[in-house]
Amino acid sequence: MILSLHIWLIPLLPLAGFLLNGILGSRLPRWLVSTIGLLAPFLSFVLVLNAYALTSYSAVALPYVETFPHPWIAIGGLRADFSFFLDPLSLVMLLVVTGVGFLIHIYSVGYMAHEEGYARYFSFLNLFLFFMTVLVLAGNVLLLFVGWEGVGLASYLLIGFWFQKPSAAAAGKKAFIVNRIGDFGFLIGIFLILANFGTLNFAQIAQVLTLKAAWHGGVLTAICLCLLVGAAGKSAQLPLYVWLPDAMEGPTPVSALIHAATMVTAGVYMIARTHFLFDRAPIALAIVAIVGAATAIFAATIALAQTDIKRVLAYSTISQLGYMFLACGVAAYSAAIFHLVTHAFFKALLFLAAGSVIHAMGGEQDMRKMGGLRKKIPVTFWTMTIAVFTIAGFPPLAAFFSKDAILYAAFVSGSGGVFLWLVGLLTALLTSLYMFRLWYMTFFGELRTADAHPHESPRSMRAPLIILALLSICGGWIGIESFSAYLAPSVGLHPAVSSFPHLELILTAFAVLAALEGWLIADKYYRRKTERPAQLAAALPAGYTLLANKYYVDEIYDAVLVKPLFNFSRYFLGWVVDTGILGGIAWLLAGSANLSGAILQRWQSGNLRSYAAWLTAAAAVILLFVFHASIGSYLGARGIDVQLNLHWMGH
Amino acid sequence: MKAIDPIILTLILLVPLAGAVLVALAPDRAKLPNWIALLTSLLTFVLTLHLPAHFIAGQRGFQFEVNIPWIESPAICYHVGVDGLSLWLIVLVGLLAPIGVVASWNAIHTRRKVFYSLFLVQQTAMFGVFVALDLMLYYGFWELSLVPMAILIAMYGRKDGTKAALKFFLFTFIPSAPLLVAILWLYARTHTFNFSELQYQTASGVLPASALSWCALAFLFAFAVKVPVFPLHGWLADTYNEAPVALAMVVAGKLGLYSMLRFHVGLFPAQARAMAPLLIVLAVIGILYGACLALVQRDYWRLMAFAALSHLSLIVLAIYGLTFMGWSGAVYQLLSHGVVDGAIFLLLGALEIRYATSTIASYGGLAAKLPRTVTIFVIATLAMIGLPMLSGFIGEFVIFSSTFALVSRAAAIAAALGVILGAAYMLSLVQRLFYGPESALVSSKPAHDLRIGELAILTPLVVLMLVMGLAPSLWLNAIQTGVHPPLIKNNVIVSGACAAATYEAPSLVATPELAAKCESLQEAQR
Amino acid sequence: MNPVPDIYRILPEVILTLTGAAVMVIDASIPPSWSRRYLGFLAAIGTTIALWASVGQLAFPEGTGFFGTVETSTFTIFFHVLICGIVLVALLLSIDTLPQHSHHQGEYYALIVFGAVGMCLLTSAVELLVVFIALEISSISTYILAGYRKQTGRGPEAAIKYFLLGSFATAFLLYGIALIFGATGTTQIYQIAQLAPVAQNQTLVLAALALMLVGILFKVSAAPFHVWTPDVYEGAPSPVVALMSTAPKAAAFALLLRVVYEMFPNLRSIWAPLLWIVAVLSMTVGNLAALRQQNVKRMLAYSAIAHAGYLLAAFAAASDARGFSETGIAAASFYIAAYAAMNVGIFAVVTLVGGYDEHLSLIDDFRGLMYRSPFLASLLIFFLISLIGIPFTGGFFGKFYSFSAAVDGGAIALAIIGLLNSGLAAAYYLRLALVCAQRPAADQTVPPKPHVGIAVTAALAIAVLATIVLGIRPNAWLYAAQSAAHTLQAPPPPGEVPVVPLQFPQ
Amino acid sequence: MSFLHHDVPLTWYLLLSAALFSLGVVGFLIKRNIITVFMSIELMLNAVNLSFVVFAYQWHEVKGQIFVFFVMMVAAAEAAVGLAIIIAVFRVRATLAVDRINLMKL
């Protein structure tokens with residue numbers, strides 16, 4: 001028996017919310033806008049729960065597919081359907097997206113209460129949920145791409161929510177364009193899939209691959225690398241991560257929802273979704289791992305020197321995404337998804353708490369001006385504390401389990417595994433360090449600014465904080481084994497089998513020690529000897545400046561890519577080619593016509609006698625021509641010389 | 001309704017003309033010329049809708065065909081007809097007419113009679129190009145379409161309209177001289193101007209091949225300038241900069257691209273095949289070149305001009321990929337480009353009416369003052385840069401994927417780079433116009449958001465962009481019958497062998513046999 | 001078959017002559033204070049009757065009259081109708097644009113009508129003596145008309161240039177006639193056609209051909225014999241230019257057709273390349289020099305030179321074994337008609353806008369015409385478009401037939417050069433059109449709105465109608481041109497022209 | 001008429017006619033007074049007349065002589081018109097120098 005789950009309603013409800021609020025929102029009262037805005041994700045969440053319940057009690061078998069009867073694109077051999085594909089992977093993602101999404105919607109009611117464009121905000125948020133659920137549910141690559149681009153759009157709109165701020169508008173644009181670079185790779189990947197498989201349907205691709213068990217590497221590597229470029233763009237991996245820190249220009253709930261919990265993990269989801277391709281392309285997989293590891297440590301080092309509370313969290317997000325990529329790269333997809341889920345909880349919590357801090361500080365985001373907020377905003381402090389301990393990886397909080405799973409998977413993944421593990425470990429240490437730095441700088445010591453009057457946030461903001469804090473604590477208790485087992489139909493079983501029985505325990509110990517070490521360093525530097533960081537920075541000016549300026553990556557991109565492109569376009573293409581060469585040719589043609597006109601005009605001297613001379617000359621030429629032509633062609637053909645044989649017809 | 005089938009095309013051609021006469025005769029009082037023009041264009045649009053309503057989708061060949069002898073010697077006929085290729089383009093032209101009238105509603109104050117008369121004559125000429133199946137008739141409409149355009153650019157040019165109009169006219173008129181010679185030569189050899197007959201004749205091999213290539217080249221040259229194809233785009237930026245909005249939105253692309261498909265590729269497939277590599281290269285250059293230059297423009301009309309160069313080059317790429325799938329994509333993209341460009345032009349024109357400048361730097365922070373404008377503009381922008389679920393994506397995707405799989409991977413990849421740049425220049429346009437703090441100009445003028453008339457025309461366009469993005473089969477079914485392989489056997493363009501077969505199979509279900517076939521095809525491809 | 005009375009062969013000419021004489025007599029007999037305006041109408045009515053009479057000639061069998069000196073055939077009727085039509089338009093145009101109280105108005109109308117007599121006769125003459133007389137009749141009237149604005153410096157200058165150079169060229173033509181007479185012993189065209197190939201002294205024949213071509217090419221203002229055209233057109237009054245840029249040209253082209261196709265068909269291998277060169281030269285020179293003109297009439301003069309070139313392109317068309325080319329002749333005839341319609345129209349508009357005294361003569365003076373008198377501007381642009389050769393106007397089909405004849409004959413290079421030239425021509429035509437369409441400059445003084453009277457309206461209506469009809473329904477005219485071409489190349493009816501046996505004086 | 005036939009070959013007359021015609025052309029080209037230029041044209045016409053007469057004699061054909069009369073008549077008419085025009089020119093320009101008649105050029 002097949003029950004209809006109506007999963008098509010999951011995206012459509014937020015879409016309805018978007019349309020209602022987007023079109024009518026400006027005329028509706030705020031409470032109605034909030035109701036519509038909240039109802040849509042809530043109902044979606046209920047539907048997802050319903051689907052989860054029905055599938056876990058085996059009322060409905062997974063994978064479960066719903067396809068719109070008419071194809072979306074059907075042209076030649078290209079066919080793409082509106083088909084929704086529900087399997088454990090997408091179900092888990094849906095739970096996170098709608099669940100966390102709903103919480104952040106609630107939070108937003110309080111956070112955005114005094115903003116203009118309240119309805120616009122909620123409509124965009126709903127739009128995001130629509131595209132995100134489409135992305136997650138997509139049954140073929142093209143529909144996934146729809147969601148992929150759509151969440152990018154929502155992100156663009158929400159980053160630029162305060163469009164009067166030039167930095168916000170620029171950040172939105174940057175996010176979109178950098179994502180477009182990634183999408184370029186993604187598109188090429190799609191084309192390659194289409195050209196090589198003749199279908200875009202995930203199930204069919206997987207089927208083809210099953211049939212051809214010997215097919216490894218080659219074009220599959222190319223496909224996977226292209227997909228990786230796309231994933232790196234969306235998930236802010238090296239070298240395309242640059243948009244994410246800037247994206248913090250958006251409202252903080254947006255940062256929490258889109259740029260921490262859900263959208264940015266779409267790359268990870270995509271790799272997991274297409275794992276059957278990556279599994280056949282070991283080189284691509286290795287590159288995924290390397291990119292992930294490099295991003296993780298790279299972003300973590302930058303986070304050490306940031307002073308903007310949201311930027312620290314942004315780099316932390318990049319770093320954590322690196323972890324997930326690392327996991328994917330060692331084919332530990334379920335570990336990646338596991339971390340994705342826990343990360344969604346604690347990073348959303350971090351952002352929301354940071355938002356609460358910012359709210360309390362009246363919009364101030366610079367940590368150097370904070371301090372001692374522990375007493376002023378206790379709920380925020382405690383939830384934030386939970387989040388910090390979670391991300392640092394202390395047991396038994398959620399990230400402990402997920403990070404552990406990743407590090408373990410990396411360690412056992414083969415030849416380069418130990419190295420990857422070491423990088424992961426170091427990142428864990430750094431993570432702990434910068435998170436506790438943030439914690440100390442924000443909540444401990446004395447308030448370092450005079451004109452702030454911190455106050456606790458309203459209930460609608462506190463409630464999500466508490467729920468997320470609970471999730472951050474308990475989220476990992478399910479354990480990687482059962483999680484992997486649940487996901488196995490989607491991404492296959494965890495491949496690594498340890499040969500050494502206590503390896504996992506030892507590795508765990510290392511990880512916890514690293515977290516502890518990070519905490520201790522932070523404690524020393526930012527609580528006990530607060531003058532030390534400045535001394536250290538003075539002692540190592542080059543290193544500090546490098547980190548504070550994020551390795552100058554933005555500047556390098558600007559100097560190497562953007563500026564040259566603009567200069568090339570403006571000066572070479574615009575001036576030299578378009579105006580100079582092409583315009584010059586047209587100008588020359590027109591000029592030569594005009595010049596010959598001017599010369600021919602001289603012919604018209606106005607003098608009668610010269611006219612007559614021309615006439616005479618022309619007459620002479622015609623006479624000459626006639627005789628010449630006649631001698632040559634007319635009579636000459638008959639062998640007759642007209643001058644001599646005057647009486648040739650004398651009969 | 002069947003009774004009107006034989007005369008529908010004639011009606012479509014005559015109604016705008018009659019409207020033009022009516023406008024010319026009616027007094028220039030109140031908004032009378034505007035209303036007559038609007039009603040005429042709406043009526044024409046309704047008439048064009050008759051075509052898809054009664055078009056038999058599966059049927060190949062021309063429908064609604066009329067063929068009446070016109071001039072005995074040379075044998076020119078009034079021969080018009082519609083197939084899947086031209087069907088929706090006609091509707092598009094019909095749709096853009098009321099948009100043009102609305103766009104001109106407040107922009108044109110002086111000599112409205114002249115403006116609207118010529119505008120409607122222009123409509124007739126454009127319809128004529130799309131429906132004519134007699135080469136001479138086609139040429140007639142082709143040339144006729146230049147005149148109202150040139151005059152109106154000169155009349156309503158912003159700064160130096162005369163120069164731009166002259167440039168536009170000469171750029172397009174001079175290449176049509178070789179075109180006419182080629183047409184005459186074809187007639188001298190075949191004694192017919194009939195499209196279908198000529199198609200047989202060019203394919204039958206009776207005409208000398210070298211002369212045919214010259215003919216094809218003449219055709220191509222004329223069309224390439226009109227599209228325009230890099231490096232023949234010299235007229236485009238000035239024309240966009242000077243032309244009234246209603247005309248700028250139709251000046252580039254449609255006529256030339258349609259003509260390429262119908263009369264270059266359609267008449268001279270072998271020659272087109274020989275020229276294809278060159279055109280693919282030019283198209284790719286055009287895509288990137290236009291996009292790069294659009295990035296650095298300071299005036300939004302010029303920006304739109306280079307953007308158009310980029311987008312139209314993409315369609316050229318699709319046409320000269322010489323795959324049926326690419327052609328469907330090309331026609332679809334053409335439709336989408338018409339709709340999206342129409343909306344964007346209308347909006348930019350509305351801005352220009354309100355703020356009297358097209359310099360981007362003068363704007364800024366409009367979003368708060370003109371929420372409706374910014375909403376629709378952003379949607380149109382997104383459609384333009386190919387956001388999925390909006391109209392631009394379908395055509396782009398079909399073109400890219402067919403080019404990638406069947407023509408040239410390098411070309412597809414290079415062309416896809418244009419997508420990145422497209423997002424860059426369009427979004428920075430949005431940013432510079434609408435976001436950021438209010439500029440001095442914006443604060444100094446009262447804010448008037450879109451009027452009801454503008455909204456009435458823009459809303460359907462937005463809906464259309466969405467529907468075109470969501471249900472392309474509504475259009476593609478008819479288009480696909482139009483770009484079918486030519487009926488004559490040796491006129492068939494042989495596509496990349498493997499890929500064509502791959503695409504012919506509706507979808508590769510993974511049965512062992514099909515998998516084996518796929519394998520062998522891939523082997524063959526290598 | 002009843003023989004047609006000889007007088008019917010020249011009925012239109014007779015009617016025109018009588019009209020002219022009547023106009024002169026009345027002019028002389030009415031008091032000087034009376035308006036001479038109605039004389040114009042009288043002349044117009046006479047011309048209309050002549051036109052009607054020409055059409056009536058279709059009822060007669062084709063043939064020659066007056067001892068084989070004048071001919072009636074579809075060819076002559078075609079040109080009669082054309083010339084009478086042009087003259088009619090020019091008369092109507094003059095009625096409204098000539099200054100109301102100028103003296104000599106009666107003379108003016110009479111001269112136009114007399115000129116028409118010459119032109120008509122020129123087309124129907126098949127005897128070189130009549131050709132010469134007809135040419136002189138038309139020339140002398142136009143010499144006088146060219147200098148009609150004798151108070152200005154330019155009028156008499158135009159007249160003297162035209163007169164001296166015209167006579168100069170006519171002397172060449174005449175010399176050519178003398179030589180062909182010397183070679184064949186006759187001046188009857190059909191006889192020459194039969195005798196010239198067998199003449200003893202081919203040198204004389206060739207020289208005659210060359211010299212006659214000089215004279216005729218001068219009249220059609222083909223390069224390099226075009227030098228007089230710009231100066232004369234600039235100096236002559238606009239209504240006169242409307243006439244003399246079309247009607248005498250049409251007559252001269254008719255003569256050229258007769259000379260090359262009927263007199264010297266067997267010398268085709270000589271004159272065809274020659275005309276090819278002249279055609280290319282005319283188009284190119286005319287168009288290039290027109291590019292930089294600031295004076296509207298001068299620009300149109302250069303354009304007239306270019307159009308002579310397009311027309312000559314039709315002469316390069318293919319021919320059958322005897323040197324005849326029906327397509328070529330038909331194309332040329334059609335082109336003449338189309339060119340006449342649009343050119344007379346454009347000069348009518350230029351006259352109206354610029355005024356008889358030509359206070360607006362420069363292109364820049366036309367700026368903003370669309371804004372001050374949209375009606376005239378639209379007409380001007382319409383005629384310019386026709387001159388450019390945009391489809392659905394007479395100009396297009398003219399060019400189309402001319403070049404399709406060339407392509408038919410294998411002269412593809414000529415067609416390409418010609419059509420590229422028409423692209424070049426578009427530049428200056430369009431410049432004028434676009435200047436008209438341009439917004440008036442802020443500091444521009446607004447000239448008085450021209451008065452458009454009933455007569456000139458009729459004139460414009462005829463020109464516009466002709467241009468449109470030739471562009472949309474060219475069938476009738478094309479048919480006429482084809483049958484004209486057919487009669488031109490058909491050999492004269494046997495028996496009517498006695499073949500003089502060759503005699504040698506020795 | 002007999003001396004024409006017997007003593008001097010016809011060709012000489014034709015050459016004379018050609019020479020006269022050429023003289024007329026040259027005169028047109030080099031003379032600077034309008035009247036003289038005009039006279040040169042008369043010279044050319046008369047040269048042609050000579051040819052006509054000679055050919056009429058050669059062919060025993062009266063047409064040639066008729067032609068001559070018509071040419072003379074036309075020349076007279078032309079002279080009348082021409083002189084009138086010359087007077088008109090003199091009135092407005094006060095000169096008869098050909099080279100000064102160049103108001104219109106280029």
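Convention: sequence-line order gives letters A, B, ...; per-chain numbering from 1. Heavy-atom basis, side chains included; hydrogens, waters and symmetry copies ignored.
- Interatomic distance, CE of D:M104 versus OG of A:S605, reported as 12.0 Å (0.5 Å rounding).
- With a 6.0 Å radius and a threshold of 12 heavy atoms from other residues, nucleotides or ligands, A:K165 has its NZ atom above the threshold.
- Heavy-atom neighbours of A:E116 CD from other residues, nucleotides or ligands within 6.0 Å: at or below the threshold of 12.
- For A:W614, the CH2 atom is loosely surrounded, since the number of other residues' heavy atoms within 6.0 Å does not exceed 12.
- Considering all non-hydrogen atoms of both residues, D:V25 and A:T616 come closest at CG1-CG2, 3.4 Å.
- Other residues, nucleotides and ligands place no more than 12 heavy atoms under 6.0 Å from the CZ atom of D:R100.
- Shown are D:L29, D:I101, D:D99; of these, the side chain to side chain contact (heavy atoms under 4.5 Å, CB included) with A:R609 is made only by D:D99.
- For the atom pair CG (A:L608) and CD1 (D:I34), the distance works out to 7.5 Å, reported to the nearest 0.5 Å.
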